[in-house]
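Small disclaimer: the values here were computed from a predicted structure and weren't measured. Order of the sequence lines sets the chain letters (A, B, ...), proteins ahead of strands, with each chain counted from 1.
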Protein chains: 2
Amino acid sequence: MTKPVDPLDIDFRALQVLIWVHQFRSFTRAAEELGVNQSAVSYTINKLREVFQDPLFVRQSRRLHVTQRCEDIVQQAKRLTVEFRQLTAPPEFDPKTAAQKFVIACNFYERVLIIPDIVKTLTREAPNLELEIIDASGIGHERLMRNEADLLIGPFERSDPQFYRRDLYRDRYVCLLDPAHPMADEPLSLEDYLGLDHVLVTYGGQWRSRYLIELERLGRELKVVLRVPSPAGLEQLVRGSNLVATVPERLSKAVSAGLRTIACPVETSVTIGLVWTAVNHRSPVHMWVRDMIYRLNSRTRTLEDAQAG
Amino acid sequence: MTKPVDPLDIDFRALQVLIWVHQFRSFTRAAEELGVNQSAVSYTINKLREVFQDPLFVRQSRRLHVTQRCEDIVQQAKRLTVEFRQLTAPPEFDPKTAAQKFVIACNFYERVLIIPDIVKTLTREAPNLELEIIDASGIGHERLMRNEADLLIGPFERSDPQFYRRDLYRDRYVCLLDPAHPMADEPLSLEDYLGLDHVLVTYGGQWRSRYLIELERLGRELKVVLRVPSPAGLEQLVRGSNLVATVPERLSKAVSAGLRTIACPVETSVTIGLVWTAVNHRSPVHMWVRDMIYRLNSRTRTLEDAQAG
DNA sequence: TAGTTGCGATCTAATTTTTTGATTTTACTG
DNA sequence: CAGTAAAATCAAAAAATTAGATCGCAACTA
């Protein structure tokens, strides 16, 4: 007739009903409190009676008596519901106490221009967060997918629905030359630019800089004299030579001591952004770090946008 | 469109689903394990996603990745389900450690004949159980209903569906006389009996002994010379007098030192039993005590039954 | 001692939730 | 680029829950 009730069928609402009935010693009052029919309360209590194998409440001369077992159960039920509620509540996140490892994948550019500020902020605001930087070197997205990294920072343009992305700012290209270079004092025309001897930063992997893509689109090609994997040490290569290097403007400031910087005649820019996946999308730590990095770069962003606009 | 899911709607089955999916990293495997459709698992996880405001599981390159939040939730969910399971399990009862108050309502008869053995057993087997005896004096059932007493012991005959009852044994009536009494050496006929001078034990309250009810049924009446509220002190009243007292046989042994005991010619007996209510019906302590009392009186019971049969 | 009342139990029908089975979508993989 | 494994989604079916009405019982009322 009545099939046995599996304990697992009990939901927290049923425990809530139990608690209210216990509180009021009345099915009817509990029903009012919960905004349901008395019959529903009766139904629920019956289910609980089966599950706990105990009458829980017994009517005796007008009063509703509570069995000892019921007292015990209610006490535990209160605890369980409170704990469950806490579990469903959006987790409080306090950067001060958050202690976990956070892995950022990026390359030289970001290590030089973005990471230092991040580290400073973390030291101050989230001293227990352990930061690890790993190389993105062309396979940043893969490393994200493999959960080797929590966050990717860089000039990544893949628009893939499985990646979340937030742009930080755009960076235009500039040319670095030796101050004694014949072309060092004039604005460069595209033709001038193409006529020069270039040192090309490959950034390793299969990355192709935006300005190269743009040149290809125009059907033009650079005269590359030297290829280097990273902008690190560019200054020493360019100084005293007739080479020209094309690098993002912000990066140039870090590697151009003693060099002349002039605008690059190829009309393009690179966009630096954050990339992550659904795994971390709603993690409070992750959201906090993302916001923090975004805020750190807001000055740069508005500057760039002003220039671009 | 989709109405918000209330956290309270989550049942322990849903948490179980979460735990299995987490375990297998697969909706399909979890569904198999739980004997349901993959679609049902999907449905449940979606509900949990809403409640926890977190994707929990994310498909990435064939693997199912687990969010940090999900890890936390699963850990708690495991604890909660285990605790709930323990709560639903029938409570272990160990008389050795059971520490609570147990109130028995009864009268002189039971205090003399039944309680002493109970006390001895409790001291030995349930040393932490605190026993209190209160007077039943006619309102034993009321005291049960008011939860003033946990258990009533006595010759109570009310058959009321709200009371549970278990008979211990039957006790026949005997007559006590002074050894020098003229009738002390013969079996008493009913007419002899009715002709004697009686001392009547009223037991207070509105209790009427079975043998009086039986006499009334026969349309006969006792010649009552003296009424006393309790059998206590009966010995002193009967000795050296021409009075006869009618008492349950077992009780007589406690109050008849130096008196002659002979069978009572009224064909009747009193049944001593335990009475309790639904409030305590399933309480492990209560069940244990009831069983214990029943066992203590098993010898008496079989003796009586043998005599009766 | 009947009439009334309060309150949980119970019944039926309505509603909502959950499950199923089939199909689609997604994100690789070869 | 087709093939595949697995989750998402959809419509229909099944099951659980709720509401509304009524019952039963004990307790008060007069």
task: Could you say whether B:L64 or A:R13 is positioned toward the 5' end of DNA chain D, judged by the nucleotide with the nearest heavy atom to each?
output: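 Mapping each residue to its closest nucleotide by heavy atoms, the 5'-most match is B:L64.
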
inquiry  = Is it the case that over 12 heavy atoms from other parts of the model lie below 6.0 angstrom from the CD atom of B:E71?
reply    =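 Atom CD in B:E71 is crowded, with more than 12 foreign heavy atoms closer than 6.0 Å.
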
>> Any base atoms under 4.0 Å from B:R49, or only sugar-phosphate, or nothing? Heavy atoms, all strands.
In response: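 Since only primed, P, OP1 and OP2 atoms lie under 4.0 Å of B:R49, the category is sugar-phosphate.
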
Over all strands shown, is A:A40 touching base, sugar-phosphate only, or nothing at heavy-atom distances under 4.0 angstrom?
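Result for A:A40 = sugar-phosphate.
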
Measure the distance from [atom1] on [X] to [atom2] on [N] and round it to the nearest whole Å.
| X | N | atom1 | atom2 | value |
| --- | --- | --- | --- | --- |
| B:H141 | D:dA27 | NE2 | C1' | 18 Å |
| A:F57 | C:dA9 | CZ | P | 10 Å |
| B:R146 | D:dA26 | CZ | P | 17 Å |
| A:D11 | C:dT16 | CG | P | 17 Å |
| A:L144 | C:dA27 | CG | C1' | 16 Å |
| B:F27 | C:dT19 | CZ | P | 14 Å |
| A:R63 | D:dC28 | CZ | P | 10 Å |
| B:E142 | D:dA27 | CD | C1' | 13 Å |

Exercise. Run the ring-ring contact (aromatic ring centres under 6.0 Å, His included) check on B:F163 and B:H141 step by step: do they pass?
Worked result: CA-CA 8 Å; B:F163 294 109; B:H141 285 80; 4.6 Å; yes

Closest to the [X] side chain: [options]?
| X | options | value |
| --- | --- | --- |
| A:R59 | D:dC25, C:dT19, D:dA5 | D:dC25 |
| B:Y43 | C:dA9, C:dG8, C:dT18 | C:dT18 |
| A:T44 | D:dT18, C:dT20, D:dA8 | D:dT18 |

Do B:R69 and B:F52 make a side-chain contact, defined as non-hydrogen atoms from C-beta onward lying under 4.5 Å apart?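 Of all side-chain heavy-atom pairs linking B:F52 with B:R69, at least one is under 4.5 Å.
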
Please determine whether a side-chain nitrogen or oxygen atom of [X] lies at a distance below 4.0 Å from atom OP1 or OP2 of [N].
| X | N | result |
| --- | --- | --- |
| A:S26 | C:dG8 | yes |
| B:S42 | D:dA7 | no |
| B:K47 | C:dT18 | yes |

Positions of residues 28-39 of chain A (non-hydrogen atom under 4.0 Å from DNA chain C), listed by number:
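Close to the strand are A:T28, A:Q38, A:S39.
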
Quick one about A:Q76 and A:R79 (side-chain donor to acceptor, distance below 3.5 Å, no hydrogens or angles considered), yes or no?
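The answer is yes; a qualifying pair exists.
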
Using distance only, find each side-chain donor-acceptor pair of residues 269-283 of chain B under 3.5 Å and give its atom names and separation, not counting sequence neighbours.
residue	atom	partner	partner atom	Å
B:W276	NE1	B:H281	ND1	2.9
B:T277	OG1	A:Q60	NE2	3.0
B:T277	OG1	B:V279	N	3.4
B:R282	NE	A:Q53	O	3.2
B:S283	OG	B:V285	N	3.4
B:S283	OG	B:H286	N	3.2

- Looking only at non-hydrogen atoms, find the nearest pair between A:C106 and A:I133 and report the distance.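 Nearest heavy atoms, A:C106 then A:I133: SG-CG2, 3.7 Å.
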
Evaluate the criterion side-chain contact (heavy atoms from CB on, under 4.5 Å) for residue pair A:V41 and A:T28; output intermediate values, then yes/no. CA-CA 8 Å; A:V41 171; A:T28 309; over 6 Å; no

